[in-house]
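Protein chains get the first letters and strands the later ones, always in sequence-line order, with residue 1 at the start of each. As a basis for the values below, the full set of heavy atoms in this structure was taken, side chains included, without hydrogen atoms, waters or symmetry mates.
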Protein chains: 2
Amino acid sequence: MSEVQSVDRAAQILQLLSAESPLSVSEISRRLQVHRSTASRLMATLEAHDLVEQEGQRGAYRLGFGLLRLASAVTARVDLSRDAQACCDAAAASLNETVNVAILDAGYAVTITQTVGQRMIGVARQYVGQRAPLHATSTGKVLLACSPAAEQDRVLAAPLEAFTASTITSPEVLTAELAAVRERGWASAVAEWEEGINALAVPVRGPQGAVVAAFSTTAPAFRLPESTFAEHVEMLREAAGQLESRLGYLPGVRASGG
Amino acid sequence: MSEVQSVDRAAQILQLLSAESPLSVSEISRRLQVHRSTASRLMATLEAHDLVEQEGQRGAYRLGFGLLRLASAVTARVDLSRDAQACCDAAAASLNETVNVAILDAGYAVTITQTVGQRMIGVARQYVGQRAPLHATSTGKVLLACSPAAEQDRVLAAPLEAFTASTITSPEVLTAELAAVRERGWASAVAEWEEGINALAVPVRGPQGAVVAAFSTTAPAFRLPESTFAEHVEMLREAAGQLESRLGYLPGVRASGG
DNA sequence: GAACGCTGTTGCACTATATGCAACAGTATC
DNA sequence: GATACTGTTGCATATAGTGCAACAGCGTTC
C-alpha cells in the first residue's frame with residue numbers, strides 16, 4: 001500500500017486516462033472502487049492543477065496540458081532529447097518503421113523519443129517514458145553491453161525475468177549475447193520482450209565517445225525478419241551517426257565495437 | 001482551497017520540481033509548510049508512480065519519466081503536434097529565435113510545441129502546456145480573430161486583464177485589432193503579455209481550410225522591433241506553409257485574410 | 001575524534017481531512 | 001412520465017494523513 005492513499009488514487013486516475021481517454025467520473029469511481037463523490041473531488045483537484053480537463057459540460061475527463069509543462073521539464077533535463085527527436089523523425093521516414101532513442105536510467109532502458117512508423121500510426125505501442133528491461137530489449141542490450149563491468153555484473157546477478165518464451169533468462173547466455181553485441185556493434189531482440197515484435201538497436205556516442213543512448217527500430221517480426229537485420233542495421237547506424245554528429249561525436253576517436 | 005488537500009500538495013510538488021530541480025525533502029517541506037515526514041511520504045507516493053525520482057541515495061528529488069508517459073498521451077491526442085515539432089525546429093533554425101505552435105483550447109492559446117532559438121537556450125521561458133490569454137498574445141489574437149463571432153463576443157464581453165502597461169484592455173480597441181489581424185493575416189504582441197518581449201504569429205490551416213493553430217516567434221523587443229515585422233512574418237508564413245502542407249491544406253482553397 | 005547541524009525515515013497517537021451517504025438537478029432513453 | 005444514470009455538494013463520521021519524537025546517517029567545523 002502506498003504512503004498517501006489519496007495521492008495514490010490521483011496518480012491512478014492519471015494512468016487510467018493515459019491508457020483510455022476520455023473517462024467519466026462514474027467510470028473512474030468504478031475502476032478505483034471509490035464513491036462517485038470521492039472521484040469527483042479527486043478530479044476537481046487534478047483539474048485545478050491542469051492535470052486533467054473536462055470535455056464539454058457533462059463529463060468526460062481527459063488528461064490536461066499541465067502535464068506537457070511538467071514533461072517539458074523532464075525532457076529539458078535530458079540533453080539529447082531535442083536532437084534525438086529530429087533524428088527519429090528522419091529515420092522513421094527512411095526505415096518506414098517505428099524508431100526510438102533510449103537512455104540508461106536506474107537499471108532500465110528508458111525511451112526518451114519515439115517516432116511511429118507510417119504503417120503503425122494509431123496502433124503503435126507508446127514507449128516514451130517506459131522503463132524497459134535491459135536483458136530483453138535491443139536498446140537494453142546495447143546500453144548494458146557498453147556499460148561498466150560492475151553494472152553488467154549487477155544485472156547478471158539478478159533474476160532475469162522471462163517476458164516471452166524467447167527471453168534470455170540464463171546469465172551465461174546473456175553474457176555471450178552481450179559479448180556478441182560488443183563484437184558486432186548492434187543488438188537484436190527477437191520476440192524477447194513482446195510476442196511477435198522484433199527490434200534492432202545500435203549505440204549512440206557522445207562527445208567523449210562514451211555510449212550515451214541507443215537508437216532502435218521496432219516492428220512486427222514478419223516485417224523485420226532476421227534475414228533483413230543487416231540492411232536495417234546499416235540504416236540505423238546512419239541515423240545514429242546523424243545524432244552523434246549533432247552531439248559532437250567524431251567517428252574514429254576511441255571507437256569500440258562496430 | 002482545493003478539494004483534496006494532499007493531492008493539491010502533491011501537484012504543488014510537481015510544479016516546484018518543474019521550476020527548479022532537484023529539490024530535497026526538507027526544502028519541499030519548507031516551501032509547502034508541512035512537516036518533513038509529510039513531505040517524505042508525499043514524495044514516496046509520487047515516486048511509486050514514477051512521477052518523481054531520487055537522484056543518488058540521499059535526496060534530492062527530480063521529476064520522473066512517468067510524466068513523459070502521461071504527456072505522450074496528451075500530445076498523441078493533439079493530431080498536429082508531431083508535424084508541428086519538426087516545423088518548429090526548422091523555423092527556429094532559419095529565424096534564429098524561439099518558435100511556437102499554439103492551439104485554441106477552452107478560451108486560451110495553449111502552446112503544444114516549442115523550439116527555443118539558439119540564442120535563448122537555457123534562458124528561454126517554457127511555453128509548452130502554458131495557457132496564454134487570447135487578447136494579450138500574438139497566437140491568441142490569431143486564434144481569436146479566426147474564431148466564430150460567438151467566441152469573439154465571449155472574450156470581448158469578459159474583463160480584459162492587463163498584464164503590462166501595453167496590454168489591450170478596451171473591447172473596442174481589441175475589436176479593431178482583430179479586424180486588422182484578419183485583414184493582414186498576422187498578429188503581433190508588443191510587450192503586451194510580458195515586458196520587453198515581442199511576438200508575431202500567423203494562422204495555420206487544416207485540410208478544410210479552417211484555422212487550427214497559430215505559428216509564432218518570440219524574442220526580446222530589441223531583436224524583434226516593429227521595423228522587422230514584415231520580414232519575420234514572411235518567414236513565419238513560409239514555416240506555417242510547411243506545416244499546412246503536411247496537414248493537407250491546399251493554399252488558394254477558401255483562403256481568408258492574408 | 002567530538003560536536004553540531006541538517007538530512008530522510010518511521011512508529012505511534014491524535015486530529016483534521018477525506019470519505020461515503022443522501023439528496024438534488026440534469027440528461028438520455030424507453 | 002418513468003427509469004436509469006450522471007456529477008455535484010452539504011453534512012456527519014471514520015479513517016487516513018499528519019506532526020511529533022526518535023533514530024541513523026552524512027557533512028562540516030573545531
Side-chain angles (χ1 to χ4, degrees), chain A residues 1-66 77 105-107, chain B residues 1-66 77 105-107:
Chain A
M1 175 58 82
S2 209
E3 303 258 15
V4 185
Q5 188 179 55
S6 47
V7 174
D8 187 62
R9 284 173 171 162
Q12 287 182 55
I13 290 171
L14 295 178
Q15 280 156 353
L16 287 171
L17 286 171
S18 75
E20 184 181 345
S21 190
L23 288 173
S24 65
V25 166
S26 298
E27 183 55 35
I28 285 171
S29 76
R30 282 190 284 272
R31 296 195 192 191
L32 292 186
Q33 291 183 312
V34 297
H35 199 270
R36 287 197 320 276
S37 59
T38 300
S40 178
R41 293 192 176 97
L42 289 167
M43 300 300 285
T45 309
L46 290 170
E47 187 172 19
H49 289 275
D50 235 349
L51 299 178
V52 302
E53 63 183 34
Q54 205 171 5
E55 285 181 15
Q57 189 77 9
R58 172 191 178 78
Y61 282 85
R62 64 189 183 191
L63 292 177
F65 286 106
R77 170 176 100 230
D105 183 85
Chain B
M1 176 57 82
S2 207
E3 303 257 15
V4 184
Q5 188 180 55
S6 46
V7 174
D8 187 62
R9 283 175 172 160
Q12 287 182 56
I13 290 173
L14 295 178
Q15 278 156 355
L16 286 170
L17 286 171
S18 76
E20 185 182 344
S21 190
L23 288 173
S24 65
V25 166
S26 297
E27 184 55 35
I28 285 171
S29 74
R30 281 191 284 273
R31 297 198 191 187
L32 292 186
Q33 290 183 312
V34 297
H35 197 269
R36 289 198 319 275
S37 58
T38 300
S40 180
R41 292 190 177 99
L42 288 167
M43 299 300 286
T45 308
L46 290 170
E47 189 172 16
H49 289 276
D50 235 349
L51 300 178
V52 301
E53 63 183 33
Q54 205 171 5
E55 285 180 15
Q57 188 78 7
R58 174 188 176 81
Y61 283 85
R62 63 188 184 192
L63 292 177
F65 286 106
R77 168 177 101 230
D105 183 85

May I have the distance from [X] (atom [atom1]) to [N] (atom [atom2]), rounded to whole angstrom?
X	N	atom1	atom2	value
A:E3	D:dA16	CD	P	14 Å
B:M43	C:dT9	CE	C1'	14 Å
B:R41	C:dT9	CZ	P	10 Å
A:E47	D:dG7	CD	C1'	12 Å
B:D8	C:dA18	CG	C1'	14 Å
A:H35	D:dA12	NE2	P	17 Å
A:L32	C:dG20	CG	P	10 Å
B:L42	C:dT17	CG	P	14 Å

Minimum-distance nucleotide (side-chain atoms of [X] versus [options]):
X	options	result
B:S37	D:dT8, C:dT19, D:dC20	D:dC20
B:R30	C:dT7, D:dT18, D:dT8	C:dT7
A:Q5	C:dG8, D:dG7, D:dG17	D:dG17
A:S24	D:dT6, D:dT9, C:dA18	D:dT6

Please tell me which of A:T38 and A:V4 maps to the more 5' nucleotide of DNA chain D, matching each residue to the nucleotide holding its nearest heavy atom.
-> A:T38
Got a donor-acceptor contact below 3.5 angstrom from the [X] side chain to the [Y] backbone?
X	Y	value
B:S6	A:V7	no
A:S21	A:S18	no
B:H49	B:L51	no

Are A:E47 and B:E3 side-chain neighbours, meaning at least one heavy-atom pair lies under 4.5 Å?
-> no
Less than 4.0 angstrom between a side-chain N/O of [X] and OP1 or OP2 of [N], yes or no?
X	N	result
A:R9	D:dA16	no
B:S26	C:dT7	yes
B:S6	C:dA18	yes
A:S40	D:dG7	no

Taking for each residue the nucleotide of DNA chain C bearing the nearest heavy atom, is the 5' side occupied by A:V34 or by B:R36?
-> B:R36
Which is it for A:I28 and A:R9 under the side chain to side chain contact (heavy atoms under 4.5 Å, CB included) test, yes or no, and what are the steps along the way?
-> CA-CA 10 Å; A:I28 285 171; A:R9 284 173 171 162; over 6 Å; no
